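Inspection log for the structure reproduced underneath, given as structure tokens.
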Amino acid sequence: MAISFKVDLKGLNKLVGVSKDLPDQIVTQAFYKFRQETPIRTGNARANTSVDRGSKTINADYNYAGKLDSGWSKQSPNGMSTPTIDYVEKLVDREIRKINGI
């Protein structure tokens, strides 16, 4: 079962009126984090993980993606989505703080 992970940053744009390039940068960083969190044995999972920057979606296109994301592998006991979501939340928080001078 393949999985898709959507990075929805509409609220960030409305909230702070950020640079139009920032959401693309966050999606790119989220993609790298997701791949970094993907367990590696043969390299198939990482090789079949892609990002569609237009729709801001990370795609894990292999039949055991759901299993890995549920924490099946000891290499990534929290899966890939949860650590990526936590990472994106920290990135967004950091950007909001920068914009607000905090």
Side-chain angles (χ1 to χ4, degrees):
M1 171 184 82
I3 62 170
S4 290
F5 178 88
K6 176 121 173 124
V7 180
D8 185 359
L9 299 168
K10 287 183 243 171
L12 175 65
N13 289 336
K14 288 179 186 176
L15 186 68
V16 294
V18 297
S19 160
K20 67 179 183 174
D21 296 332
L22 182 60
D24 292 334
Q25 293 168 2
I26 290 176
V27 170
T28 298
Q29 290 178 28
F31 168 66
Y32 289 127
K33 177 66 174 174
F34 189 93
R35 278 187 46 137
Q36 176 188 19
E37 293 295 330
T38 302
I40 188 166
R41 188 171 108 199
T42 65
N44 183 62
R46 287 187 183 184
N48 286 295
T49 299
S50 61
V51 63
D52 180 340
R53 287 177 177 79
S55 67
K56 297 179 180 18
T57 304
I58 298 168
N59 300 301
D61 193 15
Y62 45 95
N63 61 357
Y64 52 96
K67 195 173 185 178
L68 290 181
D69 201 36
S70 70
W72 180 79
S73 172
K74 290 179 184 177
Q75 291 180 29
S76 191
N78 295 321
M80 298 87 69
S81 297
T82 298
T84 302
I85 290 167
D86 293 344
Y87 179 73
V88 168
E89 286 175 349
K90 287 176 185 172
L91 286 175
V92 170
D93 186 54
R94 185 175 68 208
E95 291 303 320
I96 290 171
R97 287 176 182 276
K98 251 197 266 185
I99 290 166
N100 290 320
I102 299 173

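Fair warning: this is a prediction, and the values are worked out from it, not measured in the lab. By convention here, the first residue in the shown sequence is residue 1.
For the atom pair OG (S76) and CD1 (I40), the distance works out to 12.0 Å, reported to the nearest 0.5 Å. With rounding to the nearest 0.5 Å, the separation of CZ in F34 from CG in D69 is 5.5 Å. For the atom pair T38 OG1 and R46 CZ, the distance stands at 6.0 Å (nearest 0.5 Å). In this structure, OH on Y62 lies 10.5 Å from OG1 on T42, to the nearest 0.5 angstrom. Atom CG in D24 sits 8.0 Å away from atom CZ in R53 (nearest 0.5 Å). With values rounded to the nearest 0.5 angstrom, N78 atom CG is found 8.0 Å from E37 atom CD.
Here the side chains of K67 and S73 are not in contact, with every heavy-atom distance at 4.5 Å or above. I85 places a side-chain heavy atom less than 4.5 Å from the side chain of E89. Proximity of V51 to T28: side-chain heavy atoms (C-beta onward) are nowhere separated by under 4.5 Å.
The residues K90 and D86 are annotated as not salt-bridged, no charged nitrogen and carboxylate oxygen being separated by less than 4.0 angstrom.
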